[in-house]
Amino acid sequence: MNLGIDFGSTYSTISTYNAITGRAEAIALVEGESVSIPSVVSIFGKSQKISCGKAAKEQIGKKSARIFEAFKMLLNEDNQEMLRKRGYDSTYTPHWAAKTYLSSLVGGAMKRCNAASLENVVVCVPEIWCRGVRSLDGRSILRGILENELDLELEARPKVRVTTEPEAASAFFAYNYRQETQKPFNGHLLLIDYGGGTLDITLTEVRSYDNGSMEIAYREGGGAGENHPDEQGNGTIGNAGIAYMQRVVELALRDVGVLDEGAQPDYMDPEFLAAVKDLESQLKSAERIQDIEDAFGSYGSGYQDIEGILKEEPEEFCGIEYKGDEVSVTYQQLFQAYRMTIEPVLDEQIRRINPLVEQHIHMDPCDPMTGIRDDFKIALVGGYGSFYLVKKQISDIYKLDANPRLGRNMAADKREQAISLGAALLAEGKVMLQKTARYSIGLCTQDNTGRKHICYGIHYLQTVETGKVYFLCYDNDPSKPRTYAYPQLDCFMIGDLRKEDRNGHGWEYGTSMRPKPDILKRLRSLPDDGMWYIGFSMDENDIVSLHLVPRSTMSDAKCKEVTVPLDSYRNMFEMQEVREIFVPEGENA
């Protein structure tokens, strides 16, 4: 059995490929239930019973229940105070919750499909996990859980691939486009993926071939949603669906005087969790979805027209229960929370990526004339991408009402399942991904004059052959690899190696990381009387390995190639010393 998993912050979906229909299909773990499975784990009652998914979510608000949520976004978090405020401790960690939940998810899917074995698993992570130094380890953590730690009796360990949510969504949309139009899609897809914890905006390029195969390559990306403490030090989960619902509840409690001005809610208070859960059920109700569209749509066709609602008397959207009392939530609060939490982030990220998109499609993506093209499409992805205010803001920016062809054949009814369905296609081998480096990695050295020299083995957005070693070279010429009399490994560099103009001068920049003492000790045990080549390789999960290769003239038996997988940046580097380094262009050796 091959599985694709959209491991979400609030909901997850698991899918498999149906060879009979030629389509990927989402799996409902229980007949009649939704394919969107709450990403929740609970411990309940005196027996300390552990539940996952829907059963766990039903325990929210009960005082005898301990609830674990948002564990995906917390897998890399080392801020113990933030973890404590989110309900975790040294025993019940985000890693434990993710392992418990994924075991339940995969085991339930196998049982539902009567599968005895598990061959390939593709699991998806946010695109922003590929860019921040502190979040890169999430990929290796997830791979390790699914390969080695599932609480299941399996005949053999599955082969696990970790890919990004936009890549998987692109696989689904391109495959679906061909199924629906009987024509291959060749061009660029702009994916705007809004979920419970993150916003990802990604441009991918799809190449389709006559044999039915496709290649998908990452081109540009942006987004937001990393964990961060608020002004009072409380842990929040990004600027996406979870944070939005928390803000709505907070505004509602303030307006009725339950929450004092300046006071912050306790996000892990069972009563507050229950109120957020109550609001979420209202926002997902088909009837309420229509109510929101009617209420805001009555102010006009543009997003800015909706501001007119703030001049009206507060109108109730729904009531939510808090500590036994019903609290009114108004349409005004829905809009205020959106403007505070979502609007500026979404606008900033779209405005930031649009010039980059224009460089690839050679046209302003906001120009209505883009709709006459068949090689550029825009697709909304994720559960929160279905929210009316999100759709309206995006529609205004890209003028989708006047240009509906931009989103045509993009399977809007499947946007919540698109990532999982695409992952299933990848697991089945129906779509191929081109390996594109999301960051540069190399070394920062200093000569005897004190000048810094940044030299990269793998470059940002470089097409990478899996497993191939890319050596540090002079002038980026692979035919001229550098040699080092003694490997200078005190400072690794990781970043996106873009050129910036600073007062008329180009700069290269990256993030420096010092290896921990035990890693340095291992590396410094190398013979220091010869010449070495230094390079990096990348596997299909973006896990990087460092390679130290002796020059052919070194005949000493001790001088053998050394390979060090950098599978855990947190364990190998002094993360508290991570800092940016800038080197003026032209000063590099």
Side-chain angles (χ1 to χ4, degrees), residues 1-8 12-37 102-124 143 146-147 150 152-186 189 204 206-216 379 381 409-435 540-541:
M1 183 182 195
N2 299 322
L3 291 175
I5 303 175
D6 174 13
F7 181 27
S12 298
T13 308
I14 190 164
S15 299
T16 190
Y17 179 78
N18 186 327
I20 297 175
T21 63
R23 293 181 181 273
E25 298 174 352
I27 301 169
L29 300 188
V30 177
E31 177 135 15
E33 288 191 355
S34 172
V35 297
S36 297
I37 303 151
L102 288 170
S103 295
S104 173
L105 195 68
V106 173
M110 293 181 67
K111 181 178 179 181
R112 183 84 168 119
C113 297
N114 296 314
S117 62
L118 185 62
E119 287 79 37
N120 296 294
V121 177
V122 172
V123 63
C124 304
R143 184 186 62 170
L146 287 162
E147 278 189 346
L150 294 180
L152 301 172
E153 294 184 6
L154 299 173
E155 296 175 356
R157 294 190 306 176
K159 181 181 179 182
V160 177
R161 178 166 186 178
V162 182
T163 191
T164 68
E165 293 165 357
E167 285 174 324
S170 294
F172 167 70
F173 285 122
Y175 188 86
N176 182 78
Y177 182 91
R178 185 167 59 194
Q179 295 283 85
E180 295 295 329
T181 66
Q182 302 304 308
K183 297 187 300 182
F185 180 79
N186 284 286
L189 288 174
T204 60
V206 180
R207 298 189 186 100
S208 300
Y209 301 100
D210 292 339
N211 62 3
S213 65
M214 287 184 287
E215 277 191 359
I216 297 173
V381 187
N409 303 117
M410 290 295 100
D413 61 324
K414 297 289 186 182
R415 63 168 56 108
E416 291 187 49
Q417 303 171 23
I419 294 168
S420 173
L421 296 172
L425 293 169
L426 294 170
E428 195 68 24
K430 295 298 178 181
V431 181
M432 305 299 293
L433 293 179
Q434 183 184 98
K435 174 54 60 183
E540 61 181 7
N541 293 298

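One is the number of the first residue; the rest follow in order along the sequence.
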A.B. asks: Quick one: do the Thr204 and Ser170 side chains pair a donor with an acceptor below 3.5 Å?
C.D. replies: yes

A.B. asks: Is the closest side-chain heavy-atom distance between Asp6 and Glu165 below 4.5 Å?
C.D. replies: yes

A.B. asks: Hey, does Val431 have a side-chain heavy atom less than 4.5 Å from the side chain of Phe172?
C.D. replies: no

A.B. asks: Search all heavy atoms of Val381 against all heavy atoms of Ala418 and return the closest pair with its distance.
C.D. replies: CG1-CB, 4.4 Å

A.B. asks: Verify whether one side chain among Glu167 and Thr164 offers a donor that lies under 3.5 Å from an acceptor in the other.
C.D. replies: yes

A.B. asks: If you measure from OG on Ser420 to NZ on Lys414, what distance do you get to the nearest 0.5 Å?
C.D. replies: 11.0 Å

A.B. asks: Apply side chain to side chain contact (heavy atoms under 4.5 Å, CB included) to the pair Leu146 and Val106, showing each step before the final yes or no.
C.D. replies: CA-CA 9 Å; Leu146 287 162; Val106 173; 4.2 Å; yes

A.B. asks: Any heavy-atom pair between the side chains of Phe173 and Leu189 that's under 4.5 Å?
C.D. replies: yes

A.B. asks: Within this structure, what is the CG-CD distance for the pair Leu425 and Glu428, rounded to the nearest 0.5 Å?
C.D. replies: 8.5 Å

A.B. asks: Any Lys/Arg nitrogen of Glu180 or Arg23 sitting under 4.0 Å from an Asp/Glu carboxylate oxygen of the other?
C.D. replies: yes

A.B. asks: Would you call Arg178 and Phe185 a side-chain contact if the rule is heavy atoms closer than 4.5 Å?
C.D. replies: no

A.B. asks: Please report the closest heavy-atom contact between Gln417 and Val35, naming both atoms and the distance.
C.D. replies: NE2-CG2, 3.6 Å

A.B. asks: Where do Arg161 and Leu433 land on the side chain to side chain contact (heavy atoms under 4.5 Å, CB included) test, with the steps shown first?
C.D. replies: CA-CA 11 Å; Arg161 178 166 186 178; Leu433 293 179; 3.8 Å; yes

A.B. asks: Which atom names give the shortest non-hydrogen contact between Lys430 and Tyr175, and what distance separates them?
C.D. replies: CB-CE1, 4.3 Å

A.B. asks: Minimum heavy-atom separation for Ser208 to Asn186, with atom names?
C.D. replies: N-OD1, 2.7 Å

A.B. asks: Please check this pair: side chain of Arg415 against backbone of Ala379, looking for a donor-acceptor N/O pair closer than 3.5 Å.
C.D. replies: no

A.B. asks: Would you call Ser117 and Met1 a side-chain contact if the rule is heavy atoms closer than 4.5 Å?
C.D. replies: no

A.B. asks: How far does CZ of Phe7 sit from CG of Leu105, to the nearest 0.5 angstrom?
C.D. replies: 8.5 Å

A.B. asks: Please report the shortest heavy-atom distance between Arg112 and Ala28, naming the atom on each side.
C.D. replies: NE-O, 2.7 Å

A.B. asks: Quick one: does Leu3's side chain get under 4.5 Å of Asn120's, heavy atoms only?
C.D. replies: no

A.B. asks: CD of Gln179 to OG1 of Thr21: how many Å apart, nearest 0.5 Å?
C.D. replies: 8.5 Å

A.B. asks: Rounded at 0.5 Å granularity, tell me how far OH in Tyr17 sits from CD in Glu25.
C.D. replies: 10.0 Å

A.B. asks: Checking side chain to side chain contact (heavy atoms under 4.5 Å, CB included) for the pair Val121/Asn2: CA distance, chi angles, key distance, verdict?
C.D. replies: CA-CA 6 Å; Val121 177; Asn2 299 322; over 6 Å; no

A.B. asks: Identify the heavy atoms of Gly4 and Ala423 that sit nearest to each other, and give their distance.
C.D. replies: CA-CB, 3.5 Å

A.B. asks: Test side chain to side chain contact (heavy atoms under 4.5 Å, CB included) on Leu118 and Met110 and set out the steps.
C.D. replies: CA-CA 8 Å; Leu118 185 62; Met110 293 181 67; 4.3 Å; yes

A.B. asks: Heavy atoms, side chains only, cut-off 4.5 Å: are Lys159 and Glu147 in contact?
C.D. replies: no

A.B. asks: For the residue pair Ile37 and Leu29, establish whether any side-chain heavy-atom pair is separated by less than 4.5 Å.
C.D. replies: yes

A.B. asks: For the CD1 atom of Ile5 and the OG atom of Ser15, what is their distance to the nearest 0.5 Å?
C.D. replies: 9.5 Å

